[in-house]
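Data block below; observations after.
In what follows, chains carry the letters A, B, and so on, assigned in the order in which the sequence lines appear, proteins first and then strands, with residues in each chain numbered from 1.
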2 protein chains.
Amino acid sequence: MAREPSVRAVAPPERLWHRSTWLLSQVSARSYRLVLDHLGTANARTDYAVLAGLDEFGPISQAALGRRLGLDRSDIVALLNDLERGGLVARTPDDSDRRRNSVTITAGGKRALRRLDKRVDAAQQVLLAPLNVSERRQLNALLQRLLEHHTAFRTPEQRSP
Amino acid sequence: MAREPSVRAVAPPERLWHRSTWLLSQVSARSYRLVLDHLGTANARTDYAVLAGLDEFGPISQAALGRRLGLDRSDIVALLNDLERGGLVARTPDDSDRRRNSVTITAGGKRALRRLDKRVDAAQQVLLAPLNVSERRQLNALLQRLLEHHTAFRTPEQRSP
DNA sequence: ACGCAGTGTTGGCAATACCAACGAATTGGG
DNA sequence: CCCAATTCGTTGGTATTGCCAACACTGCGT
């Protein structure tokens, strides 16, 4: 999505232009739309997150999956309902703790995940086009630092014992 | 919002943790909540943007204000209705072009803006707490570069002739 | 005079994030 | 052994945000 030549350049207010909160909001909105464009459907974005989580951590409970992805338990239910219906994930009761379902990704889910991988990568490339490799790393490192400070998310190497 | 000690640390999937689009989405969500907490009401966030725009560019038309802020014309209407009702902005028909309203900030609006300034600054401080001054500048510079590439937004010094 | 574009407004929709409440199950302490 | 607290999965719901179409009025250029 290169800038349309007909769109007039504008300067936002200085107050907003120099505040991280506004900048993050604006960039995130464009990023969201880019991913949406590349994935084609609205729920593919969260499907991708769920499949990625299951591929890496499955079998896993719904609640634990939600914690790993930063998603609400009730939203996880709706997402898994659709994915199970599409044959991309499977739920079975956990024999050792009947409160839980054990959720896994299916072979079809893995194939879908790989297709989505490509599209999500393409979206990253478009989003980050004006940055070189070093700058991209810097941006990610700064965002990760902020997440580690403000959430329970940790870089995988830093896992609590 | 320091990390609650009781919240368990979790690692998200590697696929997400290393993708800028996911990181931006997550950080932006926390940033949004921080600003919400500091401002107290949902619409204060956009009120702030509107007042900031009017303070810097007023008098200005509604459509031009929307372009400067990245907001939809119909959302600008609703926002100005509330702000006008609260005495913080004033609309008058533009004598030279009857399609337009000329919108200005009032003295009450300027006072409100200064109060909101303080709260928004406090939110920045909390959000950026784990970064030093140089890193904060870096983050903003990278985000601004992305915005300049993907939107009509330009740093004020770069204004088109 | 006409077509096109801009402006402000109204009415509306989809997606997302978030929450409460409930029933069933598990755990740990008294 | 009993009970309180917590966890899990589910249902049902709400608020907010971003976005869009359509309309009437106005301005501009041909």
Side-chain angles (χ1 to χ4, degrees), chain A residues 6-8 22 24-37 39-50 59-82 84 89 91-103 151, chain B residues 6-8 22 25-37 39-50 59-84 89 91-103 151:
Chain A
S6 61
V7 172
R8 287 174 280 167
W22 187 80
L24 281 161
S25 167
Q26 293 293 317
V27 173
S28 176
R30 285 0 177 253
S31 166
Y32 168 83
R33 239 174 296 120
L34 260 179
V35 170
L36 200 55
D37 286 344
L39 294 184
T41 66
N43 55 313
R45 191 179 66 86
T46 37
D47 285 353
Y48 179 68
V50 169
I60 186 171
S61 74
Q62 297 178 198
L65 180 64
R67 282 192 289 275
R68 293 249 195 211
L69 303 180
L71 293 172
D72 192 79
R73 292 195 322 267
S74 57
D75 298 329
I76 289 285
V77 171
L79 288 165
L80 290 181
N81 286 346
D82 288 341
E84 192 173 34
V89 311
R91 274 162 160 140
T92 57
D94 187 322
D95 286 336
S96 63
D97 186 334
R98 292 220 298 255
R99 290 175 293 185
R100 300 175 168 175
N101 287 328
S102 189
V103 195
T151 70
Chain B
S6 60
V7 172
R8 286 174 279 167
W22 187 82
S25 168
Q26 293 293 317
V27 173
S28 177
R30 281 10 177 245
S31 166
Y32 168 83
R33 243 179 288 121
L34 259 179
V35 170
L36 200 54
D37 287 344
L39 294 184
T41 66
N43 55 314
R45 192 178 63 88
T46 37
D47 284 355
Y48 179 68
V50 168
I60 186 172
S61 73
Q62 296 179 199
L65 181 64
R67 283 192 290 274
R68 293 248 195 212
L69 303 181
L71 293 173
D72 191 79
R73 293 192 327 264
S74 57
D75 299 330
I76 289 286
V77 171
L79 288 165
L80 290 180
N81 285 347
D82 287 343
L83 289 166
E84 192 173 32
V89 311
R91 274 162 160 142
T92 58
D94 187 321
D95 285 335
S96 62
D97 187 334
R98 291 219 300 254
R99 290 175 292 182
R100 299 175 170 174
N101 287 328
S102 188
V103 195
T151 70

Self-check item: Along DNA chain C, first and last positions that approach a heavy atom of chain A under 4.0 Å
Solution: dA15(C) to dT26(C)
Self-check item: 5′-ward residue of the pair S74(B)/R73(A) relative to DNA chain C
Solution: S74(B)
Practice problem: Would you kindly compare S96(A) and I60(B) by the position of their nearest DNA chain C nucleotide and give the one closer to the 5′ end? | Solution: I60(B)
Quiz item: Where each residue is assigned the nucleotide of DNA chain D containing its nearest heavy atom, which of R67(A) and S25(A) is assigned the position nearer the 5′ end?
Solution: R67(A)
Self-check item: Position toward the 5' end of DNA chain D (nearest nucleotide), T46(B) or V103(A)
Solution: V103(A)
Quiz item: salt bridge (Lys or Arg N to Asp or Glu O under 4.0 Å) with R45(B): which residues, sequence neighbours excluded?
Solution: none
Quiz item: Quick one: side chain to side chain contact (heavy atoms under 4.5 Å, CB included) partners of P93(B), sequence neighbours excluded?
Solution: none
Exercise. Could you tell me whether S61(A) contacts a base, only the sugar-phosphate backbone, or nothing, with contacts defined as non-hydrogen atoms closer than 4.0 Å?
Key: sugar-phosphate
Quiz item: So what does D75(A) touch, heavy atoms closer than 4.0 Å: a base, only the sugar-phosphate, or nothing?
Solution: base
Quiz item: Listed by chain and number, what are the side chain to side chain contact (heavy atoms under 4.5 Å, CB included) partners of A78(A), not counting sequence neighbours?
Solution: none
Quiz item: Got a sec, which residues hit side-chain hydrogen bond (donor to acceptor under 3.5 Å, both in side chains) with R100(B), two or more places apart in sequence or on another chain?
Solution: none
Quiz item: Sequence neighbours excluded, which residues qualify as salt bridge (Lys or Arg N to Asp or Glu O under 4.0 Å) partners of R99(B)?
Solution: D97(B)
Quiz prompt | Partner set under side-chain hydrogen bond (donor to acceptor under 3.5 Å, both in side chains) for D82(A), not counting sequence neighbours | solution = R85(A)
Quiz item: Could you give the distance from CZ (R67(B)) to OG (S61(B)), rounded to the nearest 0.5 Å?
Solution: 6.0 Å
Exercise. Return the set of residues passing side-chain hydrogen bond (donor to acceptor under 3.5 Å, both in side chains) with S74(A) (not counting sequence neighbours), or none when no residue passes.
Key: D72(A)
Self-check item: chain B footprint on DNA chain D, 5' to 3' - any atom under 4.0 Å from a heavy atom
Solution: dT16(D) to dG27(D)
Quiz item: Contact class for D72(B) (heavy atom, under 4.0 Å): base, sugar-phosphate, or nothing?
Solution: base
